[in-house]
Each structure stands twice: as structure tokens, then as C-alpha cells.
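First the structure, in the form of C-alpha cells, and then the observations on it.
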Protein chains: 2
Amino acid sequence: MEPQVTDAPPVLALARLGAVMRRAFSVRMAEEAWAVDAGLRPGCFSVLRAVATGATAPSQRALGDQLGIDPSDLVGLLDVLEAAGYVERRRDPADRRRYAVEVTDDGRHAIEQFEGVAATVADDVFGVLAPADRQTLEDLLVRVITAHEDGAAVGGSSS
Amino acid sequence: MEPQVTDAPPVLALARLGAVMRRAFSVRMAEEAWAVDAGLRPGCFSVLRAVATGATAPSQRALGDQLGIDPSDLVGLLDVLEAAGYVERRRDPADRRRYAVEVTDDGRHAIEQFEGVAATVADDVFGVLAPADRQTLEDLLVRVITAHEDGAAVGGSSS
DNA sequence: CCCTATCGTTGGGCTTTCCAACGATCCAGT
DNA sequence: ACTGGATCGTTGGAAAGCCCAACGATAGGG
């Protein structure tokens, strides 16, 4: 049998795979007391890591553009992160409209924690592949993702 | 410096990429009159193609299990597809609880249409890679997806 | 014949995502 | 110095997707 389960352009299938990963991550994270107590949502970790990996403390708009998150949604995510003590909002002295978002030591520690959880999820999803193939897949994915993070919206809001 | 733009387990980044693809597909599909008139939503096409590619006319439960879609959500998607004339719900004579969902000729034609749109989206997303790398990536993704379609829930509702 | 399980369906709740508008602040031109 | 337009963060609400609980209709086993 084997009736062509997925065809050439697996667009919606990949979308579904992404949703599955997000949900799996959310479920695993719900078991971590430190995350639940702080009210951390899945999106918080994307933001936290973007803040930590960026060279300089970015503004919220720069964060939103990089991650493709609407600035209005970023507010709530940063509120949670700041309440948890993982980031700090400081006024940019050069432009007092902006906040310079900086990660704290606790924030860096939290990143290590949740990356362990992410690794578990990745094992569940990519574990079906041989190690070499898995490495190849992850490398290619990172290339695609970083290419689109650099500011190229795919098909959406071209105002 | 070189602060690791994306780390080893790109879990949330892949989730975001999937969301971007879904949205891009939705936007492109909103420009197609035949799709808008029928009220087709992104999920409809996953279902339609699953019905068409399956060997025998599946039941709605089988469809939901295969695609990871809740049976309750499948109802609305099939309602739209049936109203558009792309599928037909026939009572399974052997078990009158079940519907045997069959694709129509119009449905097959619609699949060709929307797969062209999906190819456009795939070009936008994967076009940043060299053709050989893109082919490798798509092959590996298909392998991962099919492996999880065969009935292995990743992290969520494992009863 | 009865009791349990399954199928499709309905309804509701939760989360994420997107969009419009508003005060505060910066910048350019006069 | 003042003013008009643009940008930043924030608020509020709308829309869509996903998941769970419950219900009638039907099938199957004791």
C-alpha cells in the first residue's frame, strides 16, 4: 500500500508539525513548577532567548520584528518575564520612547532550564531519524529560519 | 562574541515557521475567488487531500486520527467541503454509525488548484536554499511527518 | 434483551494571533 | 522655539484554531 501520505510541497503538514511541537513543549513545560508558578507561556521563551542572544539590549520593536511577534503581544510576554525577574526594562537614554530590554542572571539560568525541555521535545520529534540525518535536518531548518528572521516577511502583512 | 543565533533544539523556531507557512498559505488562498466563495479554510485542504490519497473512503474518526484533528473540528471542515461539492458523506452500509467519506471529481480538481498555491508558498519559504539542499530538507521533513502520522502522538493526548 | 463501546455531532472554553487607536516621545523644518 | 509628522510602547477587542465534555444513534457481546 503506502499511499503517498505526503506529497511534494508539505506546506500544511509542516505547519501541523510546528503546532504539534509547540503543544508538546507546552505540555512538558506545564510539568515544571518554576515555569508554572511564573505563569510562563510558550512564547516567553522565544522572547527570552532572543533577548539573551542579541548582541545589545534590543528595543521591543526590534524584538517583534525579529521574531515576527506583534508589538502588542510582546507587552504581555515581557510583563511575565519581568515579573519573573528574567529581564529588565530600562529606558534607552538616547531615546526615551524605547525600552532597552536586558536579560538577568536568573534569565540566563532559566534559558538553560527550558532548553533541556526543548531538547526532550526535539528528541521525540526528530528521534525517528538516524543521527546523521537528524543533524542535517536541523542544520537546514536553522538556515531557513535564520534567513527569514533577518527581516523578510514571507507572505503576510505587506503594508 | 558570535552569540548562537539559533541553538541546537530549534523547537519554538520551527513552531513559528509552521505558523508562518500556514498564514502565508491562508493569505495566498484568500486571493483565490473559488476558495473564498466556498468558505474554505486552511484545514480543509489537509482533509481533502487525506480523503483523496487514502486507498478506501475513510471514516471521519480514521481521518481525525491520521491527521491529528479532533473529530469535533472535522465536522465543520467536512461540512464546508461537502457544501462545495468536493466530498460526499455516505453511510457505511456495514456500520451505519460511520460515514464513508469520498472525494468527487470536483474535489480532485480543487486539489490540483490548491497544490499550486502551496508550491508558491513553499518556494517563498524554502527558496533561500540551494535546490539540492531544499530537496534534502523536504525529504527529511516528509520522513518525520509520515513517521508521526502513523499514529504516534508526540507529547499531547496519549490515552 | 440489556449493557457497554464507538461514531458523528454540538457546545463551550482556552490560547494564540492580528488589527485599530491612543498618549508619550523624537525629529525635521521653519 | 514651535509645530507637524513619525515612531515606541501600550490597551482593547475581534477572529481563528485547538481541545475537552456530553449527547443521541448505532453496533456488538453476554
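What you see below is based on every heavy atom in this structure, not just the backbone, and it leaves out hydrogens, waters and symmetry mates. So that the names make sense, note that chain A is the first sequence line, chain B the second, and so on, each numbered from 1.
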Original post:
Taking DNA chain C as the partner, which of residues 87-100 of chain B come within under 4.0 angstrom of it by heavy atom?
Top reply: Arg89(B), Arg97(B), Arg98(B), Tyr99(B)

Original post:
Does Ala62(B) or Gly68(A) map to a spot on DNA chain C nearer the 5' end, using the closest nucleotide for each?
Top reply: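 Per heavy-atom nearest nucleotide, the more 5' residue is Ala62(B).
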
Original post:
Between Asp123(A) and Arg134(A), is there a salt bridge with N-O shorter than 4.0 Å?
Top reply: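 A salt bridge links Arg134(A) with Asp123(A).
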
Interatomic distance, [X] [atom1] vs [N] [atom2] [rounded to whole Å]:
X        : N       : atom1 : atom2 : value
Ile69(A) : dT17(C) : CD1   : P     : 7 Å
Arg23(B) : dC19(C) : CZ    : C1'   : 10 Å
Asp73(A) : dA16(D) : CG    : P     : 17 Å
Asp70(A) : dG12(D) : CG    : C1'   : 13 Å

Distance-minimising heavy-atom pair for [X] and [Y]:
X         : Y        : result
Pro71(B)  : Arg61(B) : CG-NH2, 4.5 Å
Gly107(A) : Leu48(A) : O-CD2, 3.8 Å
Val121(B) : Val11(A) : CG1-CG1, 4.1 Å

**OP:** Consider the side chain of Val75(A), meaning its heavy atoms from C-beta on, and name the nucleotide among dT11(D), dC19(D), dC8(D) that approaches it most closely.
**Re:**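 It is dT11(D).
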
Subject >> N/O (side chain, Arg22(A)) to phosphate O (OP1/OP2, dT17(C)) under 4.0 Å >> reply: yes

**OP:** Please state whether the base of dC18(D) and the side chain of Ser72(B) form at least one donor-acceptor pair under 3.5 Å?
**Re:**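 A donor-acceptor contact between them is absent.
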
Original post:
So, Arg91(A) versus Tyr99(A): side-chain donor-acceptor pair below 3.5 Å or not?
Top reply: yes

Original post:
Is a donor on one side and an acceptor on the other found under 3.5 Å between the side chain of Thr146(B) and the backbone of Val142(B)?
Top reply: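 At least one qualifying donor-acceptor pair exists.
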
Original post:
Just checking Ser26(A): base, sugar-phosphate only, or nothing, at a heavy-atom cut-off of under 4.0 Å?
Top reply: nothing

